[in-house]
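Model, not experiment: these values are computed from the prediction. All ligand and atom numbering here is 1-based and tracks the order in the structure. Both backbone and side-chain heavy atoms feed into the values below; hydrogens, waters and symmetry mates do not.
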Amino acid sequence: MGLLLISDDLRNLSLSGHVGFDSLPDQLVNKSTSQGFCFNILCVGETGIGKSTLMDTLFNTKFESEPATHNEPGVRLKARSYELQESNVRLKLTIVDTVGFGDQINKDDSYKPIVEYIDAQFEAYLQEELKIKRSLFNYHDTRIHACLYFIAPTGHSLKSLDLVTMKKLDSKVNIIPIIAKADTIAKNELHKFKSKIMSELVSNGVQIYQFPTDEETVAEINATMSVHLPFAVVGSTEEVKIGNKMAKARQYPWGVVQVENENHCDFVKLREMLIRVNMEDLREQTHTRHYELYRRCKLEEMGFKDTDPDSKPFSLQETYEAKRNEFLGELQKKEDEMRQMFVMRVKEKEAELKEAEKDLHEKFDHLKRTHQEEKKKVEDKKKELEEELNNFQKKKAAAQLLQSQAQQAGSQQTKKDKDKKNASFT
Ligand code: GDP
């Protein structure tokens, strides 16, 4: 029975018989196997660079995918999940494609939908984690574990779109750069192209995924494989007869490129690193590095912190209380401000109304005065007219009198004349 040194201040005891906790690793394996695993790959690369073909080749199957056109107005991400089984291990695989990447004239914002997608998956996980009733045990984890970045086999150098996109993604996801369609580039050119890419990544401060070398079992293979980065891959699901065996290959008039032949391309290296050696590390890195960073920033943004300004531990409860008090204080301040504002507005309105009342009074007085003046004028005029009328009546009466006297005198004269006439006739 082995003696295990666990910690300096713990006493080491030897067991005198079999206890059975040495089956713990098996228990872990059994538990994980029964649950199955989630693994999510993001393929970033321009349309037609060979993303779908490589995925089919890697997992030895035909995933459903329809060829994208080059007419997409922007970049959109399309995720498809599959349930795969090998021996008794179930793998829930999600492949995310960047549809329309590199197809726009203005590519400034091409990285944004990718960053948003990655963040959205982190956010969904964080929301689940923050729930009172969490169900992380059977949670379908959609966080991206590996980002295969497809570099065009130009033999020249990285495009600025590649550098910008990788730089924006490197703190959020494990980037594994690969040279796509490596059968289209000559061997000596490929070597130069690889070192050019690596030096460009370093000089631009792009952090790609480092194969872990801290664990003994994988240290050697990971260290030797790192030298071959970025892997130059060829994809094909077509089987070609080579010797007396069938192998995945691409056939050309001048020869055959075998996908799984390490002299032809790095496909095997990629499969080894991505699936067979480091799949668990990629999952772990996603959780402990990238998700942790997202979670920390997000919680800090929300005002949570582990220590107070004097670097003393600050519990979630205290943060909550402090935030609550801060919020209530702000609310009270806003309420006071609003009350003051209201009182001020009422005063202003009152003053305005008083002013308007004064104006009205003045206008009323003015109108009253003019009305009285007008009234007096009219009364004077009336008096004048009445006098005129009286005079007129008097004159009229005198005239009538004169007229009647004249008529009387006239008729007496006529009678006299008639009498005279009659007298002369007789
Ligand atoms: P995607 O749009 O990035 O998913 O690209 P596809 O996987 O649909 O591939 C587009 C075309 O490139 C197809 O005609 C493939 O046969 C071809 N192709 C895929 N992989 C390779 C490769 O490694 N080498 C060459 N020469 N052609 C490839």
Side-chain angles (χ1 to χ4, degrees), residues 40-82 93-104 107 110-111 113-114 117 144 146-156 158-159 161-162 165-166 169 175-187 189-190 193-194 197 228-240 242 247-274:
N40 308 318
I41 304 176
L42 167 67
C43 296
V44 184
E46 55 202 56
T47 309
I49 203 163
K51 300 184 292 290
S52 322
T53 313
L54 190 78
M55 286 300 110
D56 291 351
T57 321
L58 266 177
F59 289 93
N60 250 330
T61 187
K62 178 87 193 89
F63 297 114
E64 23 176 86
S65 69
E66 55 278 350
T69 65
H70 290 283
N71 311 324
E72 291 284 335
V75 179
R76 73 189 156 85
L77 277 84
K78 193 153 138 199
R80 282 198 166 121
S81 295
Y82 309 89
L93 177 75
T94 300
I95 298 174
V96 186
D97 195 1
T98 47
V99 182
F101 188 78
D103 285 332
Q104 296 74 40
K107 301 181 183 66
S110 294
Y111 69 88
I114 310 175
Y117 180 88
I144 300 295
C147 163
L148 291 182
Y149 196 96
F150 289 69
I151 298 165
T154 57
H156 194 249
L158 283 171
K159 298 175 187 177
L161 172 67
D162 299 330
T165 310
M166 281 197 255
L169 299 184
I175 301 177
I176 303 177
I178 54 178
I179 299 169
K181 299 190 178 179
D183 51 329
T184 60
I185 188 164
K187 202 167 177 169
E189 279 177 354
L190 182 64
F193 189 37
K194 277 189 176 188
I197 291 171
H228 297 280
L229 278 170
F231 296 134
V233 296
V234 173
S236 174
T237 45
E238 209 179 303
E239 299 268 333
V240 176
I242 292 150
K248 279 196 223 89
R250 296 189 78 86
Q251 211 164 5
Y252 296 103
W254 55 88
V256 172
V257 180
Q258 294 168 42
V259 169
E260 296 185 25
N261 184 334
E262 288 202 57
N263 289 322
H264 291 189
C265 76
D266 299 330
F267 173 82
V268 171
K269 293 187 181 74
L270 173 68
R271 187 175 61 194
E272 202 72 11
M273 289 292 92
L274 179 71

- Note on the structure: Ranked by distance from atom 20 (N) of ligand 1, the top protein heavy atom is Gly235 O, 3.6 Å

- Message: Checking a contact table here: which protein heavy atom is nearest atom 25 (C) of ligand 1, and how many Å away?
- Response: Arg250 NE, 3.3 Å

- Query: Which heavy atom of the protein is the closest neighbour of atom 22 (C) of ligand 1, given with residue, atom name and distance?
  - Reply: Lys181 CG, 3.5 Å

- Okay, side chain of Thr57, backbone of Ser236: is any donor-acceptor separation there less than 3.5 Å? yes

- Query: Counting heavy atoms not belonging to Lys187, are there more than 12 under 6.0 Å from its NZ?
  - Reply: no

- Task: Could you check atom 24 (N) of ligand 1 against the protein and tell me its nearest heavy-atom contact, residue, atom and distance included?
- Result: Asp183 OD1, 2.9 Å

- Just checking, is any N or O donor in the side chain of Thr47 or Asp103 under 3.5 Å from an acceptor N or O on the other one? yes

- Message: Can you confirm whether more than 12 heavy atoms, excluding those of His228, are under 6.0 Å from its NE2 atom?
- Response: yes

- Task: Apply the test salt bridge (charged side-chain N to carboxylate O under 4.0 Å, His left out) to residues Glu46 and Lys107: give CA-CA distance (whole Å), side-chain angles for both, the deciding distance (0.1 Å), then the verdict.
- Result: CA-CA 11 Å; Glu46 55 202 56; Lys107 301 181 183 66; over 6 Å; no

- Message: Below 30° counts as parallel, above 60° as perpendicular, anything between as tilted: where do the rings of Tyr252 and Trp254 land?
- Response: parallel

- Query: Applying a 4.0 Å heavy-atom criterion (strictly less than), which segment of Tyr252 is in contact with ligand 1: side chain, backbone, both, or neither?
  - Reply: side chain

- Do the ring planes of Tyr149 and Phe101 sit parallel (below 30°), tilted (30 to 60°) or perpendicular (above 60°)? perpendicular

- Minimum-distance protein heavy atom relative to atom 13 (C) of ligand 1: Thr53 OG1, 4.7 Å

- Task: May I ask you to identify the nearest protein heavy atom to atom 3 (O) of ligand 1, giving residue, atom name and distance to one decimal place in Å?
- Result: Lys51 N, 2.9 Å

- Task: Consider ligand 1: state whether an atom of it lies below 4.0 angstrom from any non-hydrogen atom of Gly48.
- Result: yes

- Before signing off on this row, confirm whether Ser52 and ligand 1 have an N or O atom pair separated by under 3.5 Å. yes

- Item | Protein heavy atom under 4.0 Å of atom 28 (C) of ligand 1 | yes

- N/O donor-acceptor pair under 3.5 Å between Ser81 side chain and Thr94 backbone: no

- Item | For atom 5 (O) of ligand 1, closest protein heavy-atom neighbour | Gly50 N, 3.1 Å

